[in-house]
Amino acid sequence: QVQLVESGGGLVEPGGSLRLSCAVSGRTFRSYAMGWFRHAPSKERELVAAISWSGRKTTYADSVKGRFTISREDAKNVVYLQMNSLKPEDTAIYYCAGENDYGDYVFMDSSEYRYWGQGTQVTVSS
């Protein structure tokens, strides 16, 4: 059974940084495409960033380009989301998601992911 566990959320002031981690159980992590989504109150869940199984392909929401970076460390079965220059509008619950990826794709829609974590709260406020 595949399990995803997020960590690293918290309260940070505007302009600050956080690094989210998503630990994935299972021997096939190397074959998973991974994504980070967020869900803010009164808003739809949205893709923040995604990465292919090889790590060679990534994609970002326009609102986070240049500020957030997604990466993966296959030796540790972990995917990261480095978040810099945080803004109050980044406040949300952040979820990581994973799915088998046989073509080195980035999956941009939440319906494409089978495995989900429980989420970690990120609050950006002074």
Side-chain angles (χ1 to χ4, degrees):
Q1 185 176 354
V2 179
Q3 289 187 319
L4 283 66
V5 179
E6 303 96 335
S7 62
L11 173 64
V12 63
E13 293 186 347
S17 297
L18 283 174
R19 188 176 79 160
L20 304 183
S21 299
C22 175
V24 182
S25 66
R27 295 176 295 173
T28 57
F29 174 75
R30 293 175 187 269
S31 67
Y32 291 164
M34 301 297 298
W36 285 98
F37 291 79
R38 66 186 181 188
H39 192 185
S42 304
K43 293 185 178 180
E44 297 288 325
R45 180 171 54 184
E46 63 174 348
L47 174 73
V48 177
I51 189 167
S52 66
W53 72 263
S54 71
R56 289 192 291 266
K57 298 178 182 178
T58 59
T59 192
Y60 296 91
D62 288 343
S63 59
V64 306
K65 281 181 182 177
R67 300 189 297 123
F68 290 12
T69 303
I70 188 170
S71 62
R72 60 190 300 153
E73 190 170 0
D74 289 348
K76 295 185 177 180
N77 281 19
V78 178
V79 62
Y80 302 102
L81 184 67
Q82 178 66 45
M83 305 186 296
N84 299 328
S85 302
L86 282 160
K87 304 175 181 180
E89 50 264 43
D90 295 317
T91 295
I93 299 174
Y94 284 70
Y95 299 89
C96 75
E99 181 54 72
N100 291 306
D101 178 11
Y102 301 108
D104 203 29
Y105 300 119
V106 286
F107 297 153
M108 299 173 65
D109 194 283
S110 60
S111 65
E112 297 180 283
Y113 291 92
R114 191 179 352 168
Y115 308 113
W116 290 83
Q118 293 300 307
T120 186
Q121 176 71 47
V122 172
T123 303
V124 184
S125 175
S126 54

Do the side chains of S63 and R38 get nearer than 4.5 Å, heavy atoms only?
-> yes

Can you tell me if E99 uses its side chain to pair, donor with acceptor, with the backbone of R114 under 3.5 Å?
-> yes

To the nearest 0.5 Å, what is the distance between CG (D74) and CH2 (W53)?
-> 8.5 Å

How about M83 and V64: do any of their side-chain heavy atoms sit closer than 4.5 Å?
-> no

Which heavy atom in G117 sits nearest to a heavy atom in Y95, and how many Å separate them?
-> O-CD2, 3.6 Å

In terms of heavy-atom contacts, S17 and N84 come closest through OG-OD1, 2.9 Å

Report yes or no: is the cationic atom of R72 (NZ for Lys, CZ for Arg) closer than 6.0 Å to the six-membered ring centre of F29, at no more than 45° off its axis?
-> yes

K76 atom NZ, over 12 foreign heavy atoms within 6.0 Å = no

What distance do E44 atom CD and S110 atom OG have between them, rounded to the nearest 0.5 Å?
-> 9.5 Å

Note: K65-D62 ion pair, threshold 4.0 Å (strictly below) = yes

Looking only at non-hydrogen atoms, find the nearest pair between F107 and A50 and report the distance.
-> O-CB, 3.6 Å

Is there a path from L47 to L81 through hydrophobic residues (I, L, V, M, F, W, Y) whose side chains come within less than 4.5 Å of each other?
-> no

Going by heavy atoms in the side chains, are T91 and S125 under 4.5 Å from each other?
-> no

Scanning both residues in full, the closest heavy-atom pair of A49 with Y60 reads CB-CD2, 3.6 Å

Hey, any chance Y115 and L20 share a hydrophobic cluster, counting ILVMFWY side chains that come within less than 4.5 Å of each other, even indirectly?
-> yes

What closest approach, in Å, do L86 and V12 show between heavy atoms, and which atom pair accounts for it?
-> CD1-CG1, 3.5 Å

E6 versus Y94, side-chain donor and acceptor atoms under 3.5 Å | no

Parallel, tilted or perpendicular: rings of F37 and W116 (30°, 60°) | tilted

Spatial distance of atom OG1 (T120) from atom CD (Q118) [nearest 0.5 Å] | 11.5 Å

Interatomic distance, CD@Q82 vs CD1@I70, rounded to 0.5 Å, equals 12.5 Å

Answer with yes or no whether the hydrophobic clustering places F68 together with V122; edges join I, L, V, M, F, W, Y residues whose side-chain heavy atoms lie under 4.5 Å apart.
-> yes

Could you give the distance from OG (S31) to CG (D104), rounded to the nearest 0.5 Å?
-> 11.5 Å

If Ile, Leu, Val, Met, Phe, Trp and Tyr residues are connected whenever their side-chain heavy atoms lie under 4.5 Å apart, and connections chain through other members, are L18 and V48 in the same group?
-> yes

Kindly say whether Q3 contributes a backbone atom to a donor-acceptor pair with the side chain of S25 at under 3.5 angstrom?
-> yes

Give, for atom CD1 of I93 and atom OG1 of T123, the distance between the pair rounded to the nearest 0.5 Å.
-> 9.0 Å

Is any side-chain heavy atom of V79 closer than 4.5 Å to a side-chain heavy atom of Y32?
-> no

Would you say the side chain of V24 lies within less than 4.5 Å of the side chain of M34, judging by non-hydrogen atoms?
-> yes

Should we count CD of E46 as having more than 12 external heavy atoms under 6.0 Å?
-> yes

Do C96 and W36 have side chains that get closer than 4.5 Å, going by heavy atoms?
-> yes

